[in-house]
Amino acid sequence: MKNRLLIIACCVVFMLGFGLAGCGNSSSGLEDGTYVATFTTDHPMFHVNDANNDKGILTVKDGQMTIHVSLQSKKIVNLFAGVSEDAKKDGAELIEPTVDKIDYGDGYVDEVYGFDIPVPALDEEFDVALIGTHGNWYDHKVVVSDPVPGDDIHAGSAIDLEDGDYQVETTLEGGTGKATIDSPADMTVKDGQATLTVVWSSPHYDYMIVDGEKYEPVNEDGNSVFEIPVPKLNEPFKVIGDTTAMSEPHEIEYEITCTLTD
């Protein structure tokens, strides 16, 4: 009787262990197919290409998830699903790059590296190690979230508002924190595309860059004023502001969030 109970207990432990092991790459209930998902990291030097707005293509097949992301350049040559200590071991399976073409929308097309990364779970941090052109490994944490059915990263980028003039609350993050922009600010919507009037607290910004496109100031006197596209509301989007206030011109990365006022 004791032996029989021991055998049953061992079987239960085995089945539980098998079930837990089988939970890797769980699709969290997603049906097989392709989705546009957000891919965020813990470091600004390792992130999705700016033209793709932190988005990648998530593929679900037989309950397993993989996300394809296009990076900024070809400076990251391999990824590893795990930590760098394991990536350095003999027989480690490195993720090889693909060559992706990025259209920045201003006539400029560039080739960058892309990677197919296994996703163990949605909305949870997991480890990804990378190695660059100098042969050094680095550990990072990444999160995949907000999957939406489809395979077009840029779909739905238009603002879902009627054509007209609006006021939006704006928040600015990044830089030293000394510079600000006016809030509320004017936003114009035409044919589903929104344009924000950015009024800086300084006269020293000589251009801005949004999604790879350069924008010049629309005024000559006073604090710098720009008219830039707004790809989305209620979520931060990345911009670059070039300031001449320092000893030499310097590009600074910011994030702007626009929220409609009542």
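Given the structure is predicted, the values throughout are model-derived calculations rather than measurements.
A side-chain donor-acceptor contact under 3.5 Å links Asn219 to the backbone of Asn223. In terms of modelled atom types and a separation under 3.5 Å, the side chain of Thr66 and the main chain of Thr59 share no donor-acceptor contact. Judged by distance alone, the side chain of Asp32 and the main-chain N or O of Asp62 form a donor-acceptor pair under 3.5 Å. With Glu255 contributing its side chain and Leu172 its backbone, the two residues share no donor-acceptor pair below 3.5 Å. Without hydrogens or angle criteria, Thr98 side chain to Asp100 main chain gives no donor-acceptor distance under 3.5 Å. Although no hydrogens or angles enter the test, the distance criterion places a donor-acceptor pair under 3.5 Å between the side chain of Asp42 and the main chain of Lys141. In this structure a side-chain-to-backbone donor-acceptor pair under 3.5 Å is present from Thr170 to Asp182. Within the 3.5 Å criterion, the main-chain N or O of Asn136 finds no donor-acceptor partner in the side chain of His134. The backbone N or O of Ile102 lies less than 3.5 Å from no partner atom in the side chain of Asp110, so there is not a single donor-acceptor pair.
The local environment of CD in Glu96 is crowded, with over 12 non-hydrogen atoms from other residues, nucleotides or ligands closer than 6.0 Å. By the neighbour-count criterion of 12 heavy atoms within 6.0 Å, atom CD of Gln167 is densely surrounded, having more than that number from other residues, nucleotides or ligands. Atom CD of Glu162 has 12 or fewer heavy atoms from other residues, nucleotides or ligands within 6.0 Å.
To the nearest 0.5 angstrom, Tyr113 atom OH is 9.0 Å from Asn78 atom CG. The line from NZ of Lys190 to OG1 of Thr195 is 9.5 Å long, rounded to the nearest 0.5 Å. Taken to the nearest 0.5 Å, the OH atom of Tyr254 stands 14.0 Å off from the CZ atom of Phe237. With rounding to the nearest 0.5 Å, the separation of CG in Leu196 from CD1 in Ile181 is 6.5 Å. A distance of 10.5 Å separates OG of Ser84 from NZ of Lys89, quoted to the nearest 0.5 Å. To the nearest 0.5 Å, atom CE of residue Met246 and atom NE2 of residue His204 are 11.0 Å apart.
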Item to check | From CA spacing to verdict: side chain to side chain contact (heavy atoms under 4.5 Å, CB included), Val230, Met187 | outcome: CA-CA 9 Å; Val230 179; Met187 184 180 77; 4.3 Å; yes
Next on the checklist: Could you go through Ile57 and Tyr35, starting from their C-alpha distance and side-chain angles, then the distance that decides it, and tell me whether this counts as side chain to side chain contact (heavy atoms under 4.5 Å, CB included)?
Outcome noted: CA-CA 6 Å; Ile57 299 299; Tyr35 301 79; over 6 Å; no
Checklist entry - Do Thr259 and Glu169 pass the side-chain hydrogen bond (donor to acceptor under 3.5 Å, both in side chains) test, and can you show the C-alpha distance, the side-chain angles, and the key distance before you say yes or no? => result CA-CA 5 Å; Thr259 306; Glu169 298 288 347; over 6 Å; no
Next on the checklist: Could you go through Asp152 and Val36, starting from their C-alpha distance and side-chain angles, then the distance that decides it, and tell me whether this counts as side chain to side chain contact (heavy atoms under 4.5 Å, CB included)?
Outcome noted: CA-CA 7 Å; Asp152 185 357; Val36 176; 5.6 Å; no
Item to check | From CA spacing to verdict: side chain to side chain contact (heavy atoms under 4.5 Å, CB included), Tyr166, Asp186 | outcome: CA-CA 6 Å; Tyr166 297 84; Asp186 294 329; over 6 Å; no
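Residues His43 and Val142 have side chains not in contact (no heavy-atom distance under 4.5 Å, counting atoms from C-beta outward). Taking 4.5 Å as the limit, some side-chain heavy atom of Phe126 sits within range of a side-chain heavy atom of Val119. Within the 4.5 Å cutoff, the side chain of Leu122 has heavy atoms near those of the Pro147 side chain. The closest side-chain heavy-atom distance from Leu30 to Val60 is below 4.5 Å. Looking at Ile256 and Ile228, their side chains come closer than 4.5 Å, going by heavy atoms from C-beta outward. Residues Phe115 and Ser70 fail the side-chain proximity criterion, which asks for heavy atoms closer than 4.5 Å. Within the 4.5 Å cutoff, no side-chain heavy atoms of Val189 are placed close to those of Asp165.
Connection of Ile67 to Val143 is not established within any shared hydrophobic cluster, with ILVMFWY side chains joined at heavy-atom distances below 4.5 Å, either directly or through further cluster members. Connection of Ile131 to Leu71 is established within a shared hydrophobic cluster, with ILVMFWY side chains joined at heavy-atom distances below 4.5 Å, either directly or through further cluster members. Transitive grouping of hydrophobic side chains (ILVMFWY, heavy atoms separated by less than 4.5 Å) keeps Tyr207 and Ile252 in distinct clusters. Hydrophobic clustering (side-chain heavy atoms under 4.5 Å, transitive across Ile, Leu, Val, Met, Phe, Trp, Tyr) keeps Ile209 apart from Val112. Ile240 and Val199 end up in different hydrophobic clusters when Ile, Leu, Val, Met, Phe, Trp and Tyr side chains are linked at under 4.5 Å.
The two atoms that bring Asn234 and Thr257 nearest to each other are C-CG2, 3.9 Å, heavy atoms only. Residue Asp54 comes nearest to Val48 through the heavy atom pair CA-CB, 3.8 Å, listed as atom of the first residue, atom of the second, then distance. Minimum interatomic distance between Pro217 and Asp206 (heavy atoms only, all atoms of both residues): CD-O, 3.2 Å. Between Val77 and Lys74, the shortest heavy-atom contact is CG1-O, 4.0 Å. In terms of heavy atoms, Val144 sits closest to Ala37 at CG1-CB, 3.9 Å. The minimum heavy-atom distance between Met208 and Val198, with the atom names listed, is SD-CG1, 4.4 Å.
A side chain to side chain contact (heavy atoms under 4.5 Å, CB included) with His68 is found for exactly one of Asp151, Asp116, Leu58, namely Asp116. Put simply, the residue from Ile95, Leu94, Asp139, Ile117 that forms a side chain to side chain contact (heavy atoms under 4.5 Å, CB included) with Phe80 is Leu94.
Residues meeting the side-chain hydrogen bond (donor to acceptor under 3.5 Å, both in side chains) test with Thr38, sequence neighbours left out: Lys55. Partners of Tyr205 under the ring pair (Phe, Tyr, Trp, His ring centres under 6.0 Å) rule, at least two apart in sequence or in another chain, are Trp200. Taking His47 as the reference, nothing meets the ring pair (Phe, Tyr, Trp, His ring centres under 6.0 Å) condition, with sequence neighbours excluded.
Inspection of the Tyr108 and Glu213 side chains reveals no N or O donor paired with an N or O acceptor under 3.5 Å.
By the 30° and 60° cut-offs, the orientation of the rings of Tyr138 relative to His140 is tilted.
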